[in-house]
Enquirer: 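There's a structure below that I have some questions on.
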Protein chains: 2
Amino acid sequence: MFTSLFQHIEKFIILEPSEIDILKSCLGLSTIKKKTLVLQEGQVCNTMYFIIKGCMRQYIINSKGSEQTLQFGIENWWITDYLSYHNHTPSHFYIQAIENCEVIAIEKPILESLLIQIPKLERYFRIVSQKSFGAAQMRIKFLFTMSAEERYHHFNDMNPEFVQRVPQYMLASYLDFSAEFMSKIRAGKI
Amino acid sequence: MFTSLFQHIEKFIILEPSEIDILKSCLGLSTIKKKTLVLQEGQVCNTMYFIIKGCMRQYIINSKGSEQTLQFGIENWWITDYLSYHNHTPSHFYIQAIENCEVIAIEKPILESLLIQIPKLERYFRIVSQKSFGAAQMRIKFLFTMSAEERYHHFNDMNPEFVQRVPQYMLASYLDFSAEFMSKIRAGKI
DNA sequence: TAAAAAACTTGAAGTACTTCAAGAAATACG
DNA sequence: CGTATTTCTTGAAGTACTTCAAGTTTTTTA
């Protein structure tokens, strides 16, 4: 049931059986239907989501009223708005399921009490978030140094299976170009 | 001597006197001269730098041979390449002092032993890196939604004092436009 | 299984930037 | 203090994209 989370945790730390029991007793499984918003702009984000199955995204609505995807999350990823979560400030983002999902949704008070009961989990979340920050830095590097076409091919090469899972227009906005331009790249008309 | 680091840590956790002693005994102060590179592309990054005084930056050299700044760090910031640090892989980045700096440079083995002796520090680094990741998400949002001119004015409004500290061409590349274009924005010629 | 909704494609016209080149101004340094 | 180095400015020409509008294809849902 929660095996994928335990497997993920045990990549970084080793849990005692008693700690596993505590953790299990605090976790719950949720199902989220495709297109459901679990966070909207303006709300304070009080939940972290660990994706067991499915795909989610974090996006914004820009000044022209169109959506731009900032982040995708798939199996074994945590997704949340860390700034809103930590500062108790209204979020700038939407978080949405783009497939039917199974997730572990942990509310802040529960997570805080877990971190007190199982201090080792601090280490787990530290390593995960440091790696995420490193990945964000690489993402900015790619955005800065590659042309639209290069970003598309690079992403395709690195994540061939993932490209099939999401609508092209979401991927286009994630790579920071228009859906129309993506269509032309794919057709080889550039 | 290390007061700024202790003050920063104590924003997030409370240290026992004994823990403060342990920490002090493991830390050292370094002076870095302006323009010194503490990390070069291709090297494995084994050090985290806490900036006590001065300003540093993380940058890349793009395919045309010019520098693009990805990140600045000033007083009370940690700077490192987390991906290279965690995965022991060659870095994609340069890290350089752009003012004469005083830093606390912690080597990975020392930090690892500190984290074992003072597990509370895991919490400190978790919170710091989650907030950094949140800030990186906001940065991507700004890059996606604002024009060059908007990014310049927004940054200026948010960090008026900082803009004076770094050469314009470094700030231009951080905001992802050319130094020439920045010059024209500033002159009001756009 | 039909109808509606969502996603993708195409071409034409426009624009927000970049690049280049050269000179001027500011800053650092022996 | 004067010279070298670094940083900033300006205009002209070019380009990598965007926007718009309309049609086509694919997927979802009743």
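Quick note on labels: first sequence line is chain A, next is B, and so on, each numbered from 1. In what follows, every heavy atom counts, from backbone to side chain, and hydrogens, waters and symmetry copies are set aside.
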Enquirer: Which of the following nucleotides, C:dT19, C:dT9, D:dC17, is nearest to the side chain of A:Arg186?
Expert: C:dT9

Enquirer: Nearest whole angstrom, please: distance from the P of C:dT9 to the CD1 of A:Ile185.
Expert: 11 Å

Enquirer: Give the rounded distance in Å between these two atoms: OH of A:Tyr169 and C1' of D:dT19.
Expert: 19 Å

Enquirer: Rounded to whole Å, please give me the gap between CD in A:Glu67 and P in C:dA6.
Expert: 11 Å

Enquirer: Counting side-chain heavy atoms from C-beta on, which of D:dT7, D:dT28, C:dT9 comes nearest to A:Lys34?
Expert: D:dT28

Enquirer: How close or far is atom C1' of D:dT7 from atom CZ of B:Phe181, stated in whole angstroms?
Expert: 19 Å

Enquirer: May I have the distance from A:Lys35 (atom NZ) to D:dT27 (atom P), rounded to whole angstrom?
Expert: 14 Å

Enquirer: The side chain of B:Glu180 is closest to which nucleotide in this list: C:dA28, C:dC17, C:dA21?
Expert: C:dA21

Enquirer: Between A:Gln130 and B:Arg126, does any side-chain donor sit less than 3.5 Å from a side-chain acceptor?
Expert: no

Enquirer: Of the nucleotides C:dG11, C:dC17, D:dA12, which has the atom closest to the A:Lys184 side chain?
Expert: C:dG11

Enquirer: May I ask you to check whether B:Tyr85 and B:Asp81 show a side-chain donor-acceptor distance below 3.5 Å?
Expert: no

Enquirer: Please report the distance, rounded to the nearest Å, between CZ in A:Phe144 and P in D:dC17.
Expert: 15 Å

Enquirer: Does NZ or CZ of A:Arg57 lie under 6.0 Å from the centre of the six-membered ring of A:Phe93, at an angle within 45° of the ring axis?
Expert: no

Enquirer: Taking only the side-chain heavy atoms of A:Ser178 (C-beta and beyond), determine which of D:dT18, D:dC17, C:dC17 contains the nearest atom.
Expert: D:dT18

Enquirer: Using only side-chain N and O atoms of B:Lys64, determine if any of them is under 4.0 Å from OP1 or OP2 of C:dT18.
Expert: no

Enquirer: With respect to the phosphate group of D:dC8, does any side-chain polar atom (N or O) of B:Ser183 fall under 4.0 Å of OP1 or OP2?
Expert: no

Enquirer: Given atom CE of B:Met170 and atom C1' of D:dT6, what is their separation to the nearest angstrom?
Expert: 10 Å

Enquirer: Which atom names give the shortest non-hydrogen contact between A:Gln137 and B:Gln58, and what distance separates them?
Expert: OE1-OE1, 3.3 Å

Enquirer: Tell me, please, which residues at least two apart from B:Glu99 pass salt bridge (charged side-chain N to carboxylate O under 4.0 Å, His left out).
Expert: B:Arg165

Enquirer: What's the CZ-C1' distance between A:Phe177 and C:dA16, to the nearest Å?
Expert: 18 Å

Enquirer: With respect to the phosphate group of C:dA6, does any side-chain polar atom (N or O) of A:Gln168 fall under 4.0 Å of OP1 or OP2?
Expert: no

Enquirer: Please compare B:Asp176 and A:Met182 by the position of their nearest nucleotide in DNA chain C and report the one closer to 5'.
Expert: A:Met182

